[in-house]
Amino acid sequence: MGVTPGSRDKVVEILLGDFTEMRSIGCEVYLVSVSETEPNWVWVTEVWTSKEAHGAALRLESVRSSIKEAQPHLTGEFESIELSVVGGLGA
């Protein structure tokens, strides 16, 4: 996701909040990543037990609050790719 100049660390801090509720409803992997060569981007990798579990997470107050807090720091540029895991370490 694109972030406004100088706000990457703030967005990362917001995204790295409490994961307890997300884990309890089916989040298996949640990784927040940055690149030193792309200072205005943050990548989030998520693996969910189902699309329904992901949808339920978006209704959690803690998730909604984090999204609301992060929004002023986002540019609106997003790239999303849905994949089906077929194997590997941690699968």
Rounded to the nearest 0.5 Å, what's the gap from [atom1] on [X] to [atom2] on [Y]? Could you check?
X: Glu79; Y: Trp43; atom1: CD; atom2: CH2; value: 9.5 Å
X: Thr45; Y: Leu83; atom1: OG1; atom2: CG; value: 9.5 Å
X: Leu58; Y: Ile67; atom1: CG; atom2: CD1; value: 5.5 Å
X: Leu74; Y: Met1; atom1: CG; atom2: CE; value: 6.0 Å
X: Tyr30; Y: Leu16; atom1: OH; atom2: CG; value: 6.5 Å
X: Ser24; Y: Phe19; atom1: OG; atom2: CZ; value: 13.5 Å

Are the side chains of [Y] and [X] in contact, using a 4.5 Å heavy-atom criterion?
X: Val44; Y: Leu31; value: no
X: Asn40; Y: Thr75; value: no
X: Glu13; Y: Val11; value: no
X: Val3; Y: His73; value: no
X: Val34; Y: Asp9; value: no
X: Ile25; Y: Leu60; value: yes
X: Val63; Y: Met22; value: yes

Please name all residues satisfying ring-ring contact (aromatic ring centres under 6.0 Å, His included) with His54, sequence neighbours left out, ordered by chain then number.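 For His54 the ring-ring contact (aromatic ring centres under 6.0 Å, His included) partners, ignoring immediate neighbours, are Trp48.
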Heavy-atom pair with the smallest gap, counting every atom of Gly26 and Ala53: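 Shortest heavy-atom separation between Gly26 and Ala53 comes out as CA-CB, 4.3 Å.
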Please report the shortest heavy-atom distance between Cys27 and Val29, naming the atom on each side.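 Minimum heavy-atom separation between Cys27 and Val29: SG-O, 3.4 Å.
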Charged N to carboxylate O under 4.0 angstrom, [X] versus [Y]?
X: Glu82; Y: Lys51; answer: yes
X: Glu69; Y: Arg64; answer: no
X: Arg8; Y: Glu36; answer: yes

With no hydrogens and no angle check, do the side chains of Thr4 and Ser7 hold a donor and an acceptor under 3.5 Å apart?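 Side-chain D/A pair, Thr4 to Ser7: present.
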